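Quick notes on the structure that follows.
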4 protein chains.
Amino acid sequence: MEYNEKQVQIMETAEILFAEKGFNGTSVRDIAEKANVNLAMVSYYFGSKDKLLEALFGYRGEYFKLKLETMIEDRELTSLEKMETMIDDKELSSLEKMNTLIDHYIEKIMQQQCFSRIMVREQVLNHTGITAELIFQMKKKNQELISKLIHQGQKKGEFKKNIDIPLMMATLIGTANNLVATQFYYRELNDLQSMSEEEFQKHLKKKLSQHLKKLFKAILTNEE
Amino acid sequence: MEYNEKQVQIMETAEILFAEKGFNGTSVRDIAEKANVNLAMVSYYFGSKDKLLEALFGYRGEYFKLKLETMIEDRELTSLEKMETMIDDKELSSLEKMNTLIDHYIEKIMQQQCFSRIMVREQVLNHTGITAELIFQMKKKNQELISKLIHQGQKKGEFKKNIDIPLMMATLIGTANNLVATQFYYRELNDLQSMSEEEFQKHLKKKLSQHLKKLFKAILTNEE
Amino acid sequence: MEYNEKQVQIMETAEILFAEKGFNGTSVRDIAEKANVNLAMVSYYFGSKDKLLEALFGYRGEYFKLKLETMIEDRELTSLEKMETMIDDKELSSLEKMNTLIDHYIEKIMQQQCFSRIMVREQVLNHTGITAELIFQMKKKNQELISKLIHQGQKKGEFKKNIDIPLMMATLIGTANNLVATQFYYRELNDLQSMSEEEFQKHLKKKLSQHLKKLFKAILTNEE
Amino acid sequence: MEYNEKQVQIMETAEILFAEKGFNGTSVRDIAEKANVNLAMVSYYFGSKDKLLEALFGYRGEYFKLKLETMIEDRELTSLEKMETMIDDKELSSLEKMNTLIDHYIEKIMQQQCFSRIMVREQVLNHTGITAELIFQMKKKNQELISKLIHQGQKKGEFKKNIDIPLMMATLIGTANNLVATQFYYRELNDLQSMSEEEFQKHLKKKLSQHLKKLFKAILTNEE
DNA sequence: AATGAATGAGTCTTCATTCAT
DNA sequence: GATGAATGAAGACTCATTCAT
């Protein structure tokens with residue numbers, strides 16, 4: 001699905017507002033005003049507010065995929081498809097691969113905090129509709145990817161047996177989402193108000209990366 | 001704060017609906033109808049819909065505390081205050097204490113899933129107002145408790161140094177919330193639809209408990 | 001169905017406006033303003049604009065029935081139920097009975113011109129929904145009544161055989177509706193602008209009565 | 001007024017939709033979509049939706065006239081101008097002439113059912129504007145024609161005196177319109193659902209023709 | 001000549017809240 | 001203390017129309 005400039009403008013404004021005030025807490029008027037477009041344009045371009053949300057879900061998914069392909073061409077190491085390529089790489093250890101995957105997730109979530117918040121909120125309710133389906137597919141894909149990597153590590157003897165993959169997923173996603181979602185409280189609670197926003201974001205990313213890598217290494221490799 | 005029967009009825013109905021459809025997705029009319037009370041009673045008893053949410057936050061906190069005191073009298077091991085008592089217990093190892101604390105959290109979240117969902121949703125937005133303050137206090141208290149326990153374990157040489165407590169918190173709460181919030185997807189993804197609801201809840205609780213204990217043990221005690 | 005004062009006020013205002021400007025040409029705002037009630041009251045009392053129309057159909061039907069019962073008590077000769085009683089009356093000739101029935105119809109239509117116009121308009125479209133069902137039932141009842149009367153007259157040898165009852169119905173209702181609906185053109189075309197409105201209405205009723213009685217007498221009794 | 005292909009396409013699509021859902025119940029978008037033309041073309045060609053309706057009224061009138069002229073050339077007996085010629089025909093009896101006129105009306109209405117429905121609906125309201133004027137002129141013309149024919153018959157002693165011409169008009173038009181407009185109910189009420197649509201239309205036409213001719217003959221010729 | 005994009009005004013409906021009783 | 005009736009404000013959405021191209 002291709003979107004023109006105005007449509008993107010609307011979706012990205014909506015994304016910010018949905019993240020800030022929730023879907024039901026945001027009015028079409030709010031979006032139109034903040035996006036500096038006519039009120040009727042939302043219905044005009046997306047049909048309805050619900051469909052705008054669906055479009056946003058599709059757009060972010062699409063955007064991710066596009067980014068992935070781009071990244072592959074650029075020989076960077078942060079995309080999901082690159083992930084898939086990487087998994088078959090014989091040179092890297094399974095743990096190195098897992099660390100790369102973790103960093104990829106963190107990167108994604110940190111770069112799309114608004115959308116992450118929306119997903120956190122939306123997945124809590126409505127298990128029906130297109131958004132739910134998209135969330136489900138995303139989760140499925142992610143779990144498959146991680147499963148593949150872990151099973152490979154186990155075959156190579158680098159990872160232990162008896163890994164509860166769904167729970168590892170919950171920890172990976174849950175920890176990252178929780179920190180991002182409650183960063184305001186995290187900042188207050190740990191007296192980091194003096195940091196600039198940029199520093200703080202870097203700080204979060206680094207902490208998350210270290211912490212999750214440590215967790216995964218411990219679970220995947222240590223003797224009990 | 002004491003609430004009469006009708007007030008409790010309204011709050012508990014609101015809790016279910018807020019968890020299901022979100023705060024803004026639930027109308028006062030919905031609540032009144034489902035709670036079988038007059039529409040005007042919500043404003044009459046709570047002043048406004050916003051204050052109803054605040055009251056709910058206070059009520060669940062209050063309710064927890066009440067439960068705690070009761071539990072202490074019953075000499076059970078699942079309350080927060082009991083937690084505090086337990087921390088000073090010389091007989092238990094620090095890891096045993098941590099495991100107890102983990103189970104306590106899991107218990108709390110599993111028993112109050114509706115309220116947990118509401119908190120997950122609400123903490124993502126609005127960092128102002130009474131609810132935010134309540135969430136902040138809750139997080140602070142929890143972090144203090146865990147800090148105390150971990151520092152104690154470190155002093156006793158049972159736990160390693162260099163524990164990132166806020167991140168451990170994020171993992172504890174994030175993993176539990178994520179699993180509870182996305183249990184629908186978890187069930188689908190792992191082909192557990194045949195389980196009865198009760199069995200499934202037990203399954204979730206057990207998995208969560210094993211997983212989080214393993215995680216904490218690994219991080220707190222293992223050599224790197 | 002019992003309606004309170006305000007509900008009646010809304011329905012009767014809506015009736016006038018629907019007759020004047022059509023259902024879709026009338027906004028809820030128009031109705032509320034003309035009826036001097038709050039805009040939200042229409043939804044409050046009737047649920048929606050569509051349901052207001054349905055209520056109006058029910059109300060006018062109900063109103064007719066109520067009138068009938070009242071009339072019976074008053075021993076008047078203008079009600080539908082009285083009609084039914086009259087049909088079995090041995091003293092009246094079949095033609096006298098038919099004339100009474102014709103006058104009853106004319107009376108009804110002349111007294112409820114607004115509603116008649118609405119029915120004329122609505123029956124042209126939408127053959128679904130509650131309004132269509134009500135129109136159908138009304139037509140069925142009327143046709144049964146006239147059938148009974150005509151068959152009786154035929155048995156008594158007062159009416160000829162071979163009467164096309166559905167077409168007679170179409171003439172009775174069609175002629176009356178046409179004259180009422182196009183009275184504005186009738187007045188212009190026949191230079192009756194000088195008449196007062198009241199005189200004109202009396203004139204219409206008298207003309208209609210004479211004309212339809214003559215038509216029915218000719219068809220029902222004359223040799224070809 | 002000459003219309004190009006697209007304009008005719010638009011008008012004829014509008015005619016169907018106006019007949020189906022009413023003028024206000026039909027959106028310009030509906031028309032454009034069903035007519036497979038660009039949305040802006042309606043305004044572009046007709047100026048506005050109102051003017052489209054006016055154009056339709058003019059078009060159908062124009063179309064009728066055109067047909068008449070054609071028919072005259074073809075020596076057929078169904079046109080209005082032929083009517084005018086016929087009236088002066090010395091060979092036909094006045095009743096034969098009237099029967100021809102009745103069939104002509106029925107033919108016209110049956111062939112243009114959509115437009116008839118629109119007229120039935122529109123004449124009930126708005127007595128201003130160009131459409132009202134067109135309806136008025138049509139009614140005037142028709143009444144003059146019938147008047148001329150009846151007066152001629154009276155002069156020749158074939159028709160009785162004391163004919164209420166406007167009421168006869170109301171019966172002619174009212175009966176035909178009523179049957180056409182309520183044909184759905186007529187079919188249901190008289191158990192004709194098994195007929196094919198074509199058969200049913202023929203049936204309607206035949207019944208109408210027989211009925212109206214019988215009515216007119218009785219009124220115009222019989223002794224009272 | 002024809003149209004895609006855009007829009008202001010208007011639609012119906014729902015909302016949380018108030019208030020007289 | 002409790003509530004039925006009522007309402008102003010706001011909600012999402014649709015409309016006929018315009019205009020630059």
Side-chain angles (χ1 to χ4, degrees), chain A residues 4-7 9-10 14 23-33 36-53, chain B residues 4-7 10 14 23-32 36-53, chain C residues 4-7 9-10 14 23-32 36-53, chain D residues 4-7 10 14 23-33 36-53:
Chain A
N4 66 36
E5 209 183 318
K6 285 228 165 144
Q7 285 172 307
Q9 202 177 335
I10 290 168
F23 178 76
N24 284 310
T26 305
S27 74
V28 175
R29 181 163 273 109
D30 290 339
I31 299 166
E33 273 171 18
N36 263 321
V37 299
N38 183 280
L39 173 62
M41 294 213 62
V42 173
S43 294
Y44 177 67
Y45 275 130
F46 297 96
S48 71
K49 195 186 163 191
D50 282 279
K51 284 187 188 145
L52 167 58
L53 181 63
Chain B
N4 66 37
E5 208 184 321
K6 282 219 168 152
Q7 286 172 306
I10 291 169
F23 177 75
N24 283 308
T26 305
S27 75
V28 175
R29 184 163 265 106
D30 290 339
I31 300 167
N36 265 320
V37 299
N38 183 279
L39 172 62
M41 292 206 72
V42 173
S43 294
Y44 178 67
Y45 275 134
F46 297 95
S48 72
K49 192 185 165 192
D50 283 279
K51 285 185 188 148
L52 167 60
L53 181 64
Chain C
N4 66 37
E5 210 183 316
K6 285 225 165 146
Q7 286 173 306
Q9 203 177 333
I10 291 169
F23 178 75
N24 283 311
T26 305
S27 74
V28 175
R29 180 163 276 106
D30 291 339
I31 299 167
N36 263 321
V37 298
N38 183 279
L39 173 63
M41 293 213 62
V42 172
S43 293
Y44 177 66
Y45 274 130
F46 297 95
S48 70
K49 195 186 164 191
D50 282 279
K51 284 187 189 146
L52 168 58
L53 181 64
Chain D
N4 67 36
E5 206 184 322
K6 283 220 167 153
Q7 286 172 306
I10 291 169
F23 178 75
N24 284 308
T26 305
S27 74
V28 174
R29 185 164 262 106
D30 290 339
I31 299 167
E33 271 169 20
N36 265 321
V37 299
N38 183 279
L39 172 63
M41 292 205 71
V42 173
S43 294
Y44 177 66
Y45 274 134
F46 298 96
S48 72
K49 193 185 165 192
D50 283 279
K51 285 185 188 148
L52 167 59
L53 181 64

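Labels below follow one simple rule: chain letters A, B, ... track the order of the sequence lines, proteins then strands, and each chain is numbered from 1. Computed from a predicted model, the values in this text were never measured in an experiment.
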Could you grab the distance from atom CD1 of D:Ile31 to atom CZ of D:Phe46, nearest 0.5 Å is fine?
9.5 Å
Rounded to the nearest Å, what distance is computed from the CE atom of residue A:Met41 to the P atom of nucleotide F:dA12?
17 Å
C:Lys49 side chain near C:Val42 side chain, heavy-atom distance below 4.5 Å:
no
Can you name the side chain to side chain donor-acceptor pair (under 3.5 Å) partners of B:Ser27, sequence neighbours left out?
B:Asp30
If I take atom CG in residue D:Leu53 and atom P in nucleotide F:dA16, what distance separates them, rounded to the nearest angstrom?
13 Å
Is there a side-chain contact between B:Tyr45 and B:Asn4 (heavy atoms, below 4.5 Å)?
yes
Over how many whole Å does the gap from B:Gln7 atom CD to F:dA2 atom P extend?
9 Å
Closest listed nucleotide, where the reference is the side chain of B:Lys6 and the choices are F:dT3, E:dG8, E:dT3:
F:dT3
Taking any heavy-atom pair under 4.0 Å as a contact, classify D:Phe46: base, sugar-phosphate, or nothing.
nothing
In whole angstroms, how far is the P atom of E:dA5 from the CD atom of A:Glu5?
14 Å
When rounded to the nearest 0.5 angstrom, what is the spacing between CG in B:Leu53 and OG1 in B:Thr26?
10.5 Å
So what is the 5' to 3' dot-bracket string for DNA chain E, if pairs are Watson-Crick or G-U wobble with both distances under 3.5 Å, crossing pairs use [ ] and | means the partner sits on another strand?
.||||||||||||||||||||
Tell me, do B:Asn38 and B:Tyr44 make a side-chain contact under 4.5 Å, heavy atoms counted?
no
Taking protein heavy atoms under 4.0 Å as touching, what does nucleotides 14-21 of chain E look like 5' to 3' if B marks base contact, S marks sugar-phosphate-only contact and - marks none?
BSSBB---
Minimal heavy-atom distance between B:Gly25 and A:Asn24, with the atoms involved, is CA-ND2, 3.5 Å
Protein-nucleotide distance (A:Asn36, atom CG; E:dT7, atom C1'), rounded to Å:
15 Å
Let me confirm one number: the CD-CG distance from A:Glu33 to A:Leu39, rounded to the nearest 0.5 Å.
8.5 Å
